[in-house]
Asks: 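Okay, here's the structure, questions in a sec.
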Amino acid sequence: MDEVVASAPGKVVLFGEHAVVYGHPAIAASIAQRTTVTLRPAEQPGVHMGRTPLDAAQHPHLATMMGHLWDAERGPGLGISVASDVPRGAGLGSSAALAVACATAFRAARGRHVDAATGAWHEGHASDGTEPDLFRGESVDAPKTLEGERVHGEAAVSAEEASLLGHVAEALSQDGRASPMDTLASAYGGLVLLSNRVEDEETWVMRRTMPVEQHERSWELHHLGDLRLNEGLSLVVGHTGINAPTTNMVAGVAERRSTDKGIDEAMNAIGALVHRGLKALMAGDAEAVGRAMTENHLLLRRIGVSHPKLETLVSAALPTSLGAKLTGAGGGGCMIALTRDAKATSEAIELAGGRTWITPLGTQGARLEACPEGGLLRPD
Ligand code: MEV
């Protein structure tokens, strides 16, 4: 079938949310819940979701992506469908998963191939092999394929590119405030670390720089991959059912910080804890990871981003888990527990009134599930 299908996972923050906004490091992990985007050529011109023309105000990620990547003049009409089991507004990176899945799908739809004569990568559709470069002048470095994914041995989208395009789309639809943490975890999968310095040469992937409100912000992005920790361990995600927008939570911390000096101390302590958590993760010491998570929760409570329902769910999870904390912006949303007994922990959280999901700690990142050779743009 002539359709492009791409999927990308949601994420949880293991350590360092909020402190990351003030230059401290943070570690996130991709989860089992994914968003899948399908692009299908359609008879009618333009871009439709179901029977409705795409509304840019309602779907800023999709509209941004189309503007960057799709050539509507040469492309067919498109029907877009989105399926997701990442709950929205719960701090699990649903918008990043959508942005990364879209980036992957549109990037593949635009087409990319290897010129057999020169071995160079080109964008667009390979016509007869003599004039393949539809975007002459835009040089494209040979992209690394997404983990384990090659389509017809050629067309490829790189995790690096999907993470960058996803981040740009997030930033444009959130007034430039998005940190690259969610899109990095979604594109690369596994565990990722974000810091204002290179923490480890081996896992360092790139520096990302972006203008944020008159300033230039930069982050050093690391891909920790899948750590040995996964054996016999799960994360249980517990949803409070309360929706607390990230921007409000971040603004609340900024406001309290101006009068409460203890908040900066707590942020410094979180920064130190992220390094401890990182060491424990690298050493495969699950007990130490769990302890650091619980300590991180206490510090998040100190900076004022917990909620009575989050406290109830964390307390319910602790007796059967190695550690538990809120994840993401707090004020509602979700908590996570690291456990060797996912069933017992999940039941305890549900009994306390939370809705749960069980996930490994880090899953495969963005994936190109299907793509016709050369993408969907018509050859000239
Ligand atoms: C991320 O899920 C939560 C915050 O750290 C905001 C951010 O990193 O952009 C609170």
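All residue numbers refer to positions in the sequence shown, counting from 1. Ligands are counted one by one from 1 in listed order, and the atoms in each one are counted from 1 as well. Heavy-atom basis, side chains included; hydrogens, waters and symmetry copies ignored.
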Asks: Select one of side chain, backbone, both or neither to describe which atoms of H24 lie under 4.0 Å from any atom of ligand 1, heavy atoms only.
Replies: neither
Asks: Considering only heavy atoms of K11, which atoms of ligand 1 have at least one such atom less than 4.0 Å away?
Replies: 2 (O)
Asks: Does even one non-hydrogen atom of M249 get within less than 4.0 Å of ligand 1?
Replies: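 Not so, M249 does not reach ligand 1.
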Asks: Under the side-chain hydrogen bond (donor to acceptor under 3.5 Å, both in side chains) criterion, do S95 and E170 qualify, and how do the steps go?
Replies: CA-CA 7 Å; S95 69; E170 280 241 284; 2.5 Å; yes
Asks: Looking at E347 and K343, is there a salt bridge between them, counting it only when a charged N and a carboxylate O are closer than 4.0 Å?
Replies: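 E347 and K343: salt-bridged.
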Asks: With atoms numbered from 1 as shown, which atoms in ligand 1 lie under 4.0 angstrom from a non-hydrogen atom of V20?
Replies: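 Answer for ligand 1: 5 (O), 8 (O).
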Asks: May I ask you to check whether T246 has an N/O atom sitting below 3.5 Å from an N/O atom of ligand 1?
Replies: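 No, there is no polar N/O contact under 3.5 Å.
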Asks: Under 4.0 Å between a side-chain nitrogen and a carboxylate oxygen: does that hold for R302 and E265?
Replies: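 Salt bridge flag = no for E265 with R302.
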Asks: With heavy atoms of M181 as the reference, note each atom of ligand 1 found under 4.0 Å away.
Replies: 1 (C), 8 (O)
Asks: Taking only Lys NZ, Arg NE, NH1 and NH2, and the carboxylate oxygens of Asp or Glu, determine whether E287 and R340 approach each other closer than 4.0 Å.
Replies: yes
Asks: Less than 4.0 angstrom from a charged side-chain N to a carboxylate O is my criterion; do E255 and R257 meet it?
Replies: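 No salt bridge links E255 with R257.
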Asks: For G328 and ligand 1, answer yes if some heavy atom of the residue is under 4.0 Å from a ligand atom, otherwise no.
Replies: yes
Asks: Quick one: does T363's side chain have a donor or acceptor within less than 3.5 Å of a partner on I31's backbone?
Replies: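 Side chain of T363 to backbone of I31: a pair is present.
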Asks: Please list, in number order, the atoms of ligand 1 under 4.0 Å from a heavy atom of E17.
Replies: 5 (O)
